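Everything quoted here is computed from the prediction, not taken from an experiment.
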Amino acid sequence: MNQKKQKGFNGEPKNIQEIHRNNSPLKQKINNRYQPQQQPQQQPQQQQQQQQDFQPRQTQNAWGKQNNSIPLQEQFQVTQPISQPQTTTTTTTTTTTTTTNSNNPLTNQLVPISRRDKVKDADIENVAIVTAKSRNVQGKPISLISNFFPIVISDRKSLEYRIDFDPPQVTFDKRRKLMRELLSLNNISKEFYFYDDDSILYSPINININSQSINGVQIFIRKVKEVNHKDKSSTNSQFFNIITKNNMRKMGYSIIGRNYYSPINKIKFENYFLEVWKGFSTSVVSTESGTMLLADTSSKVIRSETVLDRIKYHRYDKERCFDEIVNSIVLTRYNNKTYRISNISWSSRVDDKMDGTTTFLQYYQRNYPNHKITDYRQPLLKSEVKFRGIKQSIYLIPELTFLTGLSDHMRKNFKLMTDLAKHSNFDPNQRYQTLRNFVSDINNNPKVSKSLEPWGITYQPALKVDGFVLSAPKNLPNDNRGQLKNIKWAFVVDEYEFRKKECQINLDNFINETGLSDPTKICYTDPRDKRPIQYSNIMENTIKSHGIQFFLMLIPQNQPEIYREIKRKSLVQFQVLTQCIFPKTFNKGRSVTNKLKQQVIAKLGYAPWGLTQQIFNGVIPRKTMIIGIDVGHNSDMRGHSVVGFVATIDDKFQKYFSRSFVQKRPGKEIIDSLEEATKEAMSKYYKFNDCLPDLVIVYRDGVGDGMLDLVNKTEIAAMKKGFAETPSSWGQKPKLMYVIVKKNTNARLFTDADSIGNPPTGTLVDSKITHPSWYDFFLVSQVTFNGSVNPTHYHVLLDEQKMPADLFQFFTFQMCHLYFNFEKSVRVPATCQFAHKMAFLIGRTVFADAAPQLSDKLFFL
């Protein structure tokens with residue numbers, strides 16, 4: 001029988017893999033690199049062996065590669081020995097412990113800086129500060145309730161400890177069990193420490209243990225520092241986040257992804273093989289008002305079908321399985337963890353060895369006997385994960401893995417989406433009452449109270465804040481009829497559909513609304529021909545024969561491949577504009593043709609409406625460029641992210657330059673093409689205005705957690721370099737404002753009146769719940785028809801203009817009214833929303849950069 005090949009560890013590896021990982025080529029390479037070349041003196045054999053076995057972890061950079069460029073002194077920090085050495089030996093039937101004194105040779109050893117020691121978002125330095133708190137822009141005062149809950153602690157200080165294991169322990173459960181056993185053996189009650197299940201432990205008492213062995217695992221404890229819990233720092237937030245994690249576990253919640261859910265009250269949709277789990281998202285943040293628990297309700301859609309069920313549904317067709325499963329998020333219910341699937345290993349089986357001796361099947365039979373594996377021929381699912389910065393491959397069992405979220409087919413089911421909305425969308429009063437009860441439960445839960453009492457920690461009611469309601473501008477319609485009448489365009493339609501009276505009536509309405517001339521050509525499609533190439537052939541032939549610039553195309557429903565073919569060919573190869581619409585939608589009457597008119601006018605390079613310029617007098621320089629940037633990570637391009645870059649090139653913010661870039665590195669959030677895009681935008685602005693802008697305001701969306709410092713140091717430098725490389729003859733280089741935009745915050749605001757409701761459009765909050773040292777604010781700019789409103793968070797990283805804060809806040813709100821796909825205001829400034837639409841279209845449909853010839857058109861609407 002052929003020897004089975006060994007696989008990387010699975011989602012929760014346990015003892016065997018942890019031991020064998022230490023002897024892997026990667027581990028040996030790390031050990032060799034940091035092994036001292038010379039020993040100053042001969043050490044006892046036991047100590048020499050111990051030092052050889054326990055080696056520092058390798059420092060990683062942002063991309064999971066070895067960082068050879070950082071000096072050794074910067075990669076490591078020296079920790080001092082703990083005083084009061086202790087020597088004991090304890091033996092039980094299940095555990096052997098050995099405590100060593102301060103002569104341990106590892107005491108003064110360099111300990112690597114982990115990913116936790118990188119600059120955290122809350123600690124970012126060299127960023128803009130608020131230039132003025134005076135309020136020149138008048139707004140209507142409003143009283144609000146937030147979902148920030150103050151945390152009060154009577155014991156202000158504790159000690160932070162660094163925990164290391166030899167051999168390294170990969171799983172949370174294993175580390176938690178070992179630490180619980182170690183501290184219990186040393187008579188330290190669990191009420192007197194909080195452990196993050198990884199490498200950090202907090203305690204108000206001095207722990208006099210240097211190292212101790214538990215079941216063959218050596219545990220090293222190093223005192224790091226004393227922590228003042230009144231400080232407004234990320235260290236303090238980290239401490240309270242660990243406490244929150246412990247609280248949620250004691251209250252019966254399981255962590256899935258970043259949020260906490262309880263399967264007890266799950267709602268089943270058996271006809272669709274779905275379950276909705278209710279829960280909460282929580283984080284601890286430092287604000288102007290102190291340390292806060294930021295809590296919000298959350299819902300998680302879990303499929304009750306396994307991935308193996310979906311593989312069998314597709315009859316093991318590799319292409320169809322790849323399309324549905326790869327890049328999806330899955331849940332393993334045996335440990336309630338989520339993973340992103342990177343590939344399907346069709347040649348792997350459950351009886352392959354996950355380490356030198358144990359197969360996947362044996363591992364699950366031993367550790368999860370209640371989760372049965374019945375199909376021995378199923379392939380394995382591959383996922384890329386990072387353990388303390390080191391990127392590794394793990395393999396999951398399809399039969400024990402469940403897809404999360406909704407498929408495209410489910411999203412098209414109106415009844416299903418309506419039913420889901422009833423259980424996931426809360427009105428403001430429901431949401432507020434649920435959050436209030438949740439925080440009350442934390443204070444009153446017996447298990448939680450017992451653990452919090454020694455620390456004197458309590459959670460206060462929701463913080464009340466004061467805000468302002470800014471006045472909205474009035475949209476001024478533009479008459480573009482004169483510019484549109486000479487455009488050559490074609491109407492593509494099924495001949496049977498065109499014979500319908502309502503189709504011809506709506507076509508006439510569309511022509512009258514837009515000011516376009518009659519279509520240069522009417523092209524008929526064959527309803528019997530289902531091939532997408534039929535549409536691209538029509539475009540190619542009509543462009544050659546009539547010089548068509550724009551196509552209005554009625555396409556059949558439930559055939560997305562036709563839409564993809566049209567967009568790919570038109571934007572990349574033919575370099576023309578297209579507007580696709582379903583016949584059923586087109587024939588709905590004037591309400592649709594009016595919206596269609598606005599969309600088409602904007603695509604053709606004109607503005608359906610504008611804003612009165614008087615509102616900007618004294619607010620910004622007349623020569624100002626607005627740039628919106630978004631990075632889309634939901635692309636179907638095997639994880640490659642797509643950058644959308646949209647800039648205004650005129651004084652009225654109605655003419656645009658747009659570019660998309662497909663990032664070469666999968667999943668990359670930092671933009672590597674920003675210098676190039678900036679130079680192109682400067683060139684376009686100069687050609688249109690014969691000068692450079694005085695000010696460039698960048699609204700940057702799509703920044704992930706933990707990326708602020710990298711954005712601050714790299715992207716701003718790239719833009720300034722783009723400015724510097726413009727010809728000196730073009731004039732003085734512009735000043736720069738760089739603003740981070742976050743739509744997906746967990747912050748909520750409620751009206752503090754007789755009844756709890758959503759705050760009105762234009763509500764601004766720039767105090768109490770903002771960061772203590774940032775230039776940031778929350779703005780409700782969108783119109784909300786149902787559910788609870790979610791304010792957008794703005795953080796100004798760089799402000800070379802030194803514009804008063806209230807003027808910039810007012811200007812930002814005005815920019816939310818220029819998104820031409822919606823007559824009312826949207827959640828972010830228009831350029832930012834345009835960039836999002838572009839990144840989404842390129843990533844989901846086109847899979848390539850659009851032709852530069854279309855850069856002055858909003859082709860992505």
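- For R827, there are no salt bridge (charged side-chain N to carboxylate O under 4.0 Å, His left out) partners, not counting sequence neighbours.
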ask   = Between T358 and R366, is a side chain to side chain contact (heavy atoms under 4.5 Å, CB included) present by the stated rule, with each step listed?
value = CA-CA 10 Å; T358 305; R366 181 173 65 248; 4.0 Å; yes

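- S299 and V276 get closest at one heavy-atom pair: CB-CG1, 4.1 Å.
- The two atoms that bring A835 and G628 nearest to each other are CB-O, 3.5 Å, heavy atoms only.
- Although no hydrogens or angles enter the test, the distance criterion places no donor-acceptor pair under 3.5 Å between the side chain of R258 and the main chain of I255.
- Electrostatic pairing of K567 and E565 does not count as a salt bridge here, judged by no charged N lying under 4.0 Å from a carboxylate O.
- Put simply, OH on Y334 and CG on N367 are 10.5 Å apart, with the number rounded to the nearest 0.5 Å.
- Using a 4.5 Å heavy-atom cutoff, the side chains of R564 and V846 are not in contact.
- Side-chain contact between L435 and F280 is present, with heavy atoms from C-beta onward closer than 4.5 Å.
- With a 6.0 Å radius and a threshold of 12 heavy atoms from other residues, nucleotides or ligands, Y313 has its OH atom at or below the threshold.
- Judged purely by atom type and a 3.5 angstrom limit, N246 has no side-chain atom pairing as donor or acceptor with the backbone of R249.
- Nearest heavy atom pair, residue N327 against residue R340, reads O-NH1, 2.7 Å.
- More than 12 heavy atoms of other residues, nucleotides or ligands lie within 6.0 Å of CD in E561, so this atom counts as buried by the packing criterion.
- With a 6.0 Å radius and a threshold of 12 heavy atoms from other residues, nucleotides or ligands, I329 has its CD1 atom above the threshold.
- Heavy-atom neighbours of R320 CZ from other residues, nucleotides or ligands within 6.0 Å: above the threshold of 12.
- L294 and A747 get closest at one heavy-atom pair: CD1-CA, 4.0 Å.
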ask   = How far apart are the C-alpha atoms of I566 and C580, what are their side-chain angles, what is the distance that settles it, and do they pass the side chain to side chain contact (heavy atoms under 4.5 Å, CB included) test?
value = CA-CA 9 Å; I566 291 171; C580 298; 3.9 Å; yes

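- Side-chain contact annotation: N247 with T244, donor-acceptor N/O pair under 3.5 Å absent.
- Within the 4.5 Å cutoff, the side chain of Q599 has heavy atoms near those of the L861 side chain.
- For the residue pair S788 and R748, no side-chain donor N or O sits within less than 3.5 Å of a side-chain acceptor on the partner.
- Scored by the ring-ring contact (aromatic ring centres under 6.0 Å, His included) test, F778 finds H793 as partners (sequence neighbours excluded).
- The closest side-chain donor-acceptor pair between T297 and R431 falls under 3.5 angstrom.
- A side chain to side chain donor-acceptor pair (under 3.5 Å) with K743 holds for exactly one of T792, D701, N790; it is D701.
- Results of the side chain to side chain donor-acceptor pair (under 3.5 Å) test with S298 over Y261, Y260, W277 single out Y261 as the only residue that passes.
- Counted by atom type alone, Q579 and K603 present one or more donor-acceptor pairs between their side chains at under 3.5 Å.
- With K266 contributing its side chain and I302 its backbone, the two residues share no donor-acceptor pair below 3.5 Å.
- The cationic group of R659 lies under 6.0 Å from the six-membered ring centre of F661 and within 45° of the ring axis, placing it in a cation-pi geometry.
- Here D317 pairs with nothing under the salt bridge (charged side-chain N to carboxylate O under 4.0 Å, His left out) rule; sequence neighbours left out.
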request  = I would like to know whether V330 and T404 meet side chain to side chain contact (heavy atoms under 4.5 Å, CB included); could you show each step before the answer?
outcome  = CA-CA 5 Å; V330 300; T404 64; 5.8 Å; no

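- Heavy atoms only, all atoms of each residue included: A295 and N147 are closest at O-ND2, 2.8 Å.
- Considering all non-hydrogen atoms of both residues, L416 and N413 come closest at N-OD1, 3.0 Å.
- Classification of the Y368-Y364 ring pair by plane angle, with boundaries at 30° and 60°, yields tilted.
- Looking only at side-chain heavy atoms (C-beta outward), L396 and I341 come within less than 4.5 Å of each other.
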task = Quick one: do V631 and I671 satisfy side chain to side chain contact (heavy atoms under 4.5 Å, CB included)? Show the steps, please.
result = CA-CA 8 Å; V631 179; I671 303 171; 3.8 Å; yes

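- Taking Y819 as the reference, F834 meet the ring-ring contact (aromatic ring centres under 6.0 Å, His included) condition, with sequence neighbours excluded.
- Enclosure of atom NZ in K245 by more than 12 non-hydrogen atoms of other residues, nucleotides or ligands within 6.0 angstrom is indicated.
- The backbone N or O of V284 lies less than 3.5 Å from a partner atom in the side chain of N241, making a donor-acceptor pair.
- One N or O on the side chain of E399 and one on the backbone of D375 form a donor-acceptor pair closer than 3.5 Å.
- A side-chain donor-acceptor contact under 3.5 Å links R303 to the backbone of G405.
- For the atom pair CZ of R531 and CD of Q559, the computed distance is 13.0 Å after rounding to the nearest 0.5 Å.
- For the atom pair CD1 of I394 and CG of L380, the computed distance is 11.5 Å after rounding to the nearest 0.5 Å.
- Between the side chain of T845 and the backbone N or O of I842 there is no donor-acceptor pair closer than 3.5 Å.
- Taking CD1 of I555 as the reference point, atom OH of Y563 lies at 7.5 Å (rounded to 0.5 Å).
- For R176, the salt bridge (charged side-chain N to carboxylate O under 4.0 Å, His left out) partners are D173, D197, not counting sequence neighbours.
- The residue from T306, L331, I325, L381 that alone fulfils the side chain to side chain contact (heavy atoms under 4.5 Å, CB included) condition with T401 is L381.
- Checking side-chain atoms of Q362 against main-chain N and O of T359 turns up a donor-acceptor pair under 3.5 Å.
- With contacts defined as side-chain heavy-atom distances shorter than 4.5 Å, the pair F859/L841 qualifies.
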Check against salt bridge (charged side-chain N to carboxylate O under 4.0 Å, His left out), R333 and E275 = CA-CA 13 Å; R333 293 199 182 187; E275 296 175 356; 3.3 Å; yes

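- Counting heavy atoms from C-beta on, the side chains of R175 and D198 come closer than 4.5 Å.
- With rounding to the nearest 0.5 Å, the separation of CG in D849 from CE in M838 is 10.0 Å.
- Although no hydrogens or angles enter the test, the distance criterion places a donor-acceptor pair under 3.5 Å between the side chain of T714 and the main chain of L710.
- Side-chain contact of Q392 with E384: a donor-acceptor pair under 3.5 Å is absent, judged by distance alone.
- Rounding to the nearest 0.5 Å places CG of L674 at 5.0 Å from CD1 of I629.
- Listed by chain and residue number, nothing satisfies the ring-ring contact (aromatic ring centres under 6.0 Å, His included) test with Y316 (two or more places apart in sequence, or in another chain).
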